[in-house]
Amino acid sequence: MKKINKKKIVLMIILTIGIILILVGIILGIIKLVERYRIAHATVLVVLKENLDVEVYKEAEVKDFITKLNGELITNYKVDTSELGKKEITFEYINDENIKIPYTIEINVVDKTPPQISTYNNVYVYTDEVNFVDDLFCGDNYDDEPKCYIEGEYDINTPNTYNVTFVGEDSSGNKNMKNMNLVVRERSKSNTNNTTNTEEFTFSSSSKEFSEIRDKYKNENTLIGIDVSKWQGNIDFSKVKEAGVEFAMLRVGIQKGLDGEYNLDTKFKDYIEGFTKEDIPVGVYFFSYANSKEEAKKQAKWVIKQIKKYDIDLPVAFDWENWDGYRNFNVSFHTLNEVANEFMDVVESKGYDSMLYSSKNYLNMVWKYTNHDVWLAHYTEQTDYDKDYIMWQLTEKGKVPGIEGNYTDINILYKDKIKTKR
């Protein structure tokens with residue numbers, strides 16, 4: 001009996017596998033050559049839109065740039081529009097001859113949106129406020145630091161009223177201009193504090209009794225409530241309950257300026273325990289100066305730490321209102337939206353509902369890149385804000401039985417839009 005040569009068997013196996021791999025490679029190569037030949041001689045009809053410009057940050061898909069194909073698009077995806085400039089997009093479609101056709105087009109991401117600037121007709125400054133322009137609202141959807149300046153003759157050292165033009169200009173050459181009166185005044189000895197460089201005005205609405213608002217706006221779909229902070233002072237919660245207050249939004253805390261520490265509202269503990277004892281549902285809000293996602297995440301975690309031992313029935317709101325001096329934050333509106341989204345995303349990841357608090361004007365001007373719920377502030381009898389919101393703060397001058405401190409904000413919550421836990 002012949003002895004089996006194991007080495008020869010192994011070599012034969014290896015040789016056979018090698019031959020098979022070579023044959024497979026040859027077959028695949030032939031298939032590729034045939035496919036290339038078919039593609040090279042295929043009928044290709046791709047009609048693109050005449051204008052392949054797309055606004056920065058706008059949601060767009062491959063199909064949005066195509067008007068006609070001799071076949072069916074098989075790869076469609078969202079296009080990244082976060083950076084300005086030319087961008088290649090590759091896709092595939094199957095033509096009428098059942099041939100898969102690869103195709104590449106070039107689009108151009110552009111910024112045609114001018115900066116948003118102060119809408120005030122009158123700006124009041126003192127003769128020592130040489131850097132007053134820095135405190136005028138001016139920001140851009142894309143640029144972190146747009147150019148913001150005054151055109152026209154004025155003398156900051158001479159009290160007078162000057163007709164000037166406030167200009168915001170971004171790196172794409174978009175401009176926004178506003179004619180305004182620059183009122184330069186001399187600071188009196190009795191007034192040594194700086195004033196905000198904005199138009200001096202007061203809301204024309206007079207104080208509103210809670211009962212008046214309750215009677216006018218209460219129905220099967222609404223809850224009438226309030227929002228409070230330490231400025232409301234001591235509260236008689238039973239009287240508030242008797243008055244018909246159905247929910248309360250509490251300020252849990254505030255950041256002490258840009259890059260500042262977080263401070264718990266001095267009345268938060270008393271308020272949340274008092275409202276809870278009266279079985280009044282509560283939510284909370286945090287007043288933020290965040291200018292980065294990292295800062296927003298820290299704030300969200302801090303807020304969650306403060307509220308985790310309480311029953312929070314309503315959303316946790318992100319409140320950012322630093323429009324005077326906005327330029328000091330060096331963030332585009334898109335970045336600011338990402339900051340807000342980060343805060344609310346972290347809150348939601350921990351099982352809470354969230355929402356964004358803002359006034360009508362800034363919701364329209366700034367908050368365009370967030371899809372979270374909205375708490376609208378618009379002090380009027382009937383808001384004309386035309387986008388979705390779940391809560392409406394309709395006055396800052398509410399008079400509520402049981403609250404002897406300052407005026408109290410009064411809100412309407414729409415039950416069909418909110419996920420209450422009760």
Side-chain angles (χ1 to χ4, degrees), residues 113-141 143-170 174-207 231 254 256-258 287 289 291 319-333 336 358-367 377-381 383-385 393 395-397 406-407 409:
T113 303
Q116 295 286 354
I117 61 176
S118 173
T119 59
Y120 295 124
N121 293 317
N122 302 303
V123 174
Y124 296 82
V125 299
Y126 291 110
T127 52
D128 57 357
E129 294 181 288
V130 294
N131 297 319
F132 72 93
V133 179
D134 292 340
D135 292 328
L136 294 176
F137 173 62
C138 180
D140 187 60
N141 65 316
D143 290 6
D144 288 336
E145 299 180 64
K147 297 177 182 177
C148 307
Y149 53 93
I150 295 289
E151 288 185 344
E153 297 294 328
Y154 68 92
D155 184 356
I156 194 64
N157 298 309
T158 304
N160 205 343
T161 298
Y162 302 92
N163 300 121
V164 297
T165 301
F166 185 40
V167 183
E169 181 178 0
D170 66 20
N174 301 302
K175 278 187 179 182
N176 198 355
M177 308 173 75
K178 169 69 178 179
N179 294 325
M180 56 176 55
N181 296 315
L182 176 61
V183 183
V184 180
R185 301 175 297 182
E186 200 162 1
R187 194 186 299 277
S188 65
K189 293 182 179 179
S190 61
N191 188 351
T192 58
N193 294 323
N194 286 337
T195 60
T196 303
N197 292 316
T198 57
E199 183 172 8
E200 292 184 336
F201 70 96
T202 57
F203 292 106
S204 59
S205 61
S206 57
S207 63
W231 305 112
I254 182 172
K256 299 296 287 184
L258 181 61
F287 193 100
Y289 284 79
N291 67 341
D319 181 9
W320 204 100
E321 305 178 44
N322 312 299
W323 309 116
D324 293 325
Y326 178 78
R327 295 174 64 195
N328 296 323
F329 289 82
N330 297 320
V331 292
S332 69
F333 295 153
L336 183 60
S358 187
S359 68
K360 171 193 168 184
N361 286 341
Y362 291 105
L363 284 169
N364 286 329
M365 288 194 298
V366 176
W367 301 110
H378 189 195
Y379 304 146
T380 179
E381 295 291 324
T383 180
D384 58 357
Y385 181 65
Q393 185 185 81
T395 183
E396 61 170 0
K397 293 187 175 181
N406 293 344
Y407 285 129
D409 300 334

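Just so you know, residue 1 is the first one in the sequence shown, and it goes up from there.
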(request) Before accepting this row, confirm whether a basic side-chain N of the pair Asp135/Arg327 lies closer than 4.0 Å to the acidic partner's carboxylate O. (result) no

(message) Is any side-chain heavy atom of Phe132 closer than 4.5 Å to one of Leu182?
(response) yes

(request) Taking all non-hydrogen atoms of both residues into account, name the closest pair between Asn174 and Pro114 and its distance. (result) CB-CA, 3.5 Å

(message) Just so I know, are the side chains of Tyr407 and Ser207 near enough to count as touching, which here means a heavy-atom distance under 4.5 Å?
(response) yes

(request) State, with a plain yes or no, whether a side-chain heavy atom of Leu336 is found less than 4.5 Å away from one of Val366. (result) yes

(request) Answer whether the closest heavy-atom distance between the side chains of Phe166 and Val123 falls below 4.5 Å. (result) no

(message) Quick check: do Trp367 and Trp320 have side-chain heavy atoms less than 4.5 Å from each other?
(response) yes

(request) Kindly compute the distance separating OG (Ser118) from CG (Leu136), expressed to the nearest 0.5 Å. (result) 5.5 Å

(request) Using distance alone, with no hydrogens and no angle criterion, decide if Glu321 and Tyr362 have a side-chain donor and acceptor under 3.5 Å apart. (result) no

(request) Measure the spacing between CD of Glu169 and CG of Asn176 and express it to the nearest 0.5 Å. (result) 11.5 Å

(request) Evaluate the criterion side chain to side chain contact (heavy atoms under 4.5 Å, CB included) for residue pair Val184 and Tyr126; output intermediate values, then yes/no. (result) CA-CA 5 Å; Val184 180; Tyr126 291 110; over 6 Å; no

(message) Quick check for you: to the nearest 0.5 Å, what is the distance between Glu129 atom CD and Asp134 atom CG?
(response) 11.5 Å

(request) Report yes if the side chains of Ile117 and Phe137 come closer than 4.5 Å at any heavy-atom pair, otherwise no. (result) no

(message) Using only atom types and a distance under 3.5 Å, with no angle test, would you say the side chain of Asn322 pairs donor to acceptor with the backbone of Tyr326?
(response) no

(request) Evaluate the criterion side chain to side chain contact (heavy atoms under 4.5 Å, CB included) for residue pair Tyr120 and Lys178; output intermediate values, then yes/no. (result) CA-CA 8 Å; Tyr120 295 124; Lys178 169 69 178 179; over 6 Å; no

(request) Take Arg185 and Val125, measure what side chain to side chain contact (heavy atoms under 4.5 Å, CB included) needs, and give me the verdict at the end. (result) CA-CA 6 Å; Arg185 301 175 297 182; Val125 299; over 6 Å; no

(request) Please report the shortest heavy-atom distance between His378 and Asp384, naming the atom on each side. (result) CE1-OD1, 3.3 Å

(request) Can you measure from OG1 (Thr119) to CE (Met180) and round to the nearest 0.5 angstrom? (result) 8.0 Å

(request) Identify the two heavy atoms, one from Asn328 and one from Leu258, that lie closest to each other, and give their separation to 0.1 Å. (result) O-CD2, 3.6 Å

(message) If you define the side chain from C-beta out and look only at heavy atoms, does anything of Glu396 sit under 4.5 Å from Tyr379?
(response) yes

(message) For the residue pair Asp144 / Asn330, report whether a side-chain donor-acceptor contact shorter than 3.5 Å exists.
(response) no

(message) Under the side-chain hydrogen bond (donor to acceptor under 3.5 Å, both in side chains) test against Asn181, which residue among Asn122, Thr161, Asn121 passes?
(response) Asn122

(message) Quick check for you: to the nearest 0.5 Å, what is the distance between Glu381 atom CD and Thr395 atom OG1?
(response) 8.5 Å

(message) To the closest 0.5 Å, what do you measure between CD (Glu186) and CG (Asn157)?
(response) 10.0 Å

(request) State, to 0.1 Å, how close Phe333 and Asn141 come at their nearest heavy-atom pair, and which atoms those are. (result) CD1-N, 3.7 Å

(message) Looking at every non-hydrogen atom in both residues, tell me the closest pair between Met177 and Val167 and how far apart they are.
(response) CE-CG2, 4.1 Å

(message) Under a 3.5 Å distance rule, please check whether Asp140 uses its side chain to pair with a backbone N or O of Asp143 as donor and acceptor.
(response) yes

